[in-house]
Amino acid sequence: MTGRISATLAALALTAGLGLAGGPPASAAYCGITWGSTAKVATTMSQAPITNVRAGRHACFDRMVVDLRGRAAGYNVRYVTQVRQPGSGFVVPLRGGARLSVTVLAPAYNDAGRPTYRPADRRNLVNVAGYTTFRQIALAGSFEGRTTFGLGVRARLPMRVFVVPGPGAGSRVVVDVAHRW
């Protein structure tokens, strides 16, 4: 009998050590991230022009930031089969296993129609080499007060979108994409 109990305890210890005795609680998530991969939408338009696009690496996600000269309000961010240029519908080629269409409901030009954001390379707005999730950020175009970016990512992963006020009278639209599920 003692042999059976010892064998059972040894098997339980081995199973627990391998992580087979049960996973983390149902409420636990990778880095506390509980986002999903469905579309994120806020429908209010803004006249504040876009002035810059940046990106950053964080411990649990990669971040894209769109700077505006004024108050940002709306966006439409979703996974798509192809990102298309606004107006023409031409496909924007993107590296990565999945594509996010990031539309900020604000122009990339001023009231006189002059560009407020002029990237050196529309196909590679930010150097994302070495990022865990991002593969490419491209400018698809700005048309009728909406500006669309293509974000090539490693795979369809959880993402979130939000607006941050500042600095000063400016604001930012932030897109975070998790490194994994």
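This chain uses plain numbering: 1 for the first residue, then up along the sequence. Scope of the values below: all heavy atoms of this structure, side chains included, with no hydrogens, waters or symmetry mates.
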Return yes when atom CD of Gln47 has more than 12 non-hydrogen atoms of other residues, nucleotides or ligands closer than 6.0 Å, and no otherwise.
no
Do the non-hydrogen side-chain atoms of Val104 and Ile50 ever get within less than 4.5 Å of each other?
yes
Arg71, CZ atom: more than 12 neighbouring heavy atoms under 6.0 Å:
no
May I ask you to decide if Arg95's main-chain N or O and Gln136's side chain share a donor-acceptor pair within less than 3.5 Å?
yes
Using side-chain heavy atoms (C-beta onward) and a distance below 4.5 Å, is Val41 in contact with Arg78?
yes
Is Thr147 reaching over with its side chain to a backbone N or O of Ala108, donor-acceptor style, under 3.5 angstrom?
yes
Could you list the donor-acceptor pairs under 3.5 angstrom formed between side-chain atoms of residues 127-134 and any protein atom two or more places apart in sequence or on another chain?
| residue | atom | partner | partner atom | Å |
| --- | --- | --- | --- | --- |
| Asn127 | OD1 | Ala129 | N | 3.0 |
| Tyr131 | OH | Ala55 | O | 3.3 |
| Thr133 | OG1 | Ala178 | O | 3.2 |

Can you pull the disulfide bond (SG atoms under 2.5 Å apart) pairs that have at least one residue in residues 122-181, sequence neighbours excluded?
none
Partner set under ring pair (Phe, Tyr, Trp, His ring centres under 6.0 Å) for Phe61, not counting sequence neighbours:
Trp35, His58
All pairs passing ring pair (Phe, Tyr, Trp, His ring centres under 6.0 Å) where residues 85-120 contributes a residue, at least two apart
none
Using the rule given for side-chain contact (heavy atoms from CB on, under 4.5 Å), can you reason through Leu68 versus Val173, listing the C-alpha separation, both sets of side-chain angles and the distance that settles it, and then say yes or no?
CA-CA 8 Å; Leu68 286 86; Val173 175; 4.1 Å; yes
If you count heavy atoms of other groups shown closer than 6.0 angstrom to CZ of Arg146, is the number above 12?
no
Just wondering, are more than 12 heavy atoms of other shown residues or ligands nearer than 6.0 Å to CG in Asp111?
no
Taking Tyr79 for its side chain and Leu157 for its backbone only, find out whether a donor-acceptor pair lies under 3.5 Å.
yes
Are Met64 and Val53 side-chain neighbours, meaning at least one heavy-atom pair lies under 4.5 Å?
yes
Before giving the answer on side-chain contact (heavy atoms from CB on, under 4.5 Å), spell out for Arg135 and Val153 the whole-Å C-alpha distance, their side-chain angles and the decisive distance to 0.1 Å.
CA-CA 5 Å; Arg135 296 296 180 257; Val153 296; 5.8 Å; no
Scan for disulfide bond (SG atoms under 2.5 Å apart) pairs involving residues 57-142, sequence neighbours excluded, and state none if there are none.
Cys31-Cys60
Check against side-chain contact (heavy atoms from CB on, under 4.5 Å), Val174 and Arg63:
CA-CA 7 Å; Val174 177; Arg63 172 171 283 176; 3.3 Å; yes
I'd like to know if the side chain of Thr116 reaches the main chain of Asn110, judged simply by a donor and an acceptor atom lying under 3.5 Å from each other, with no hydrogens or angles considered.
no
Test: side chain to side chain donor-acceptor pair (under 3.5 Å). Region: residues 148-173. Which pairs qualify, not counting sequence neighbours?
Ser37-Arg156, Thr103-Thr148, Arg160-Asp176
Between Leu151 and Leu94, is the side-chain contact (heavy atoms from CB on, under 4.5 Å) condition met? List the steps.
CA-CA 7 Å; Leu151 179 54; Leu94 292 169; 6.0 Å; no
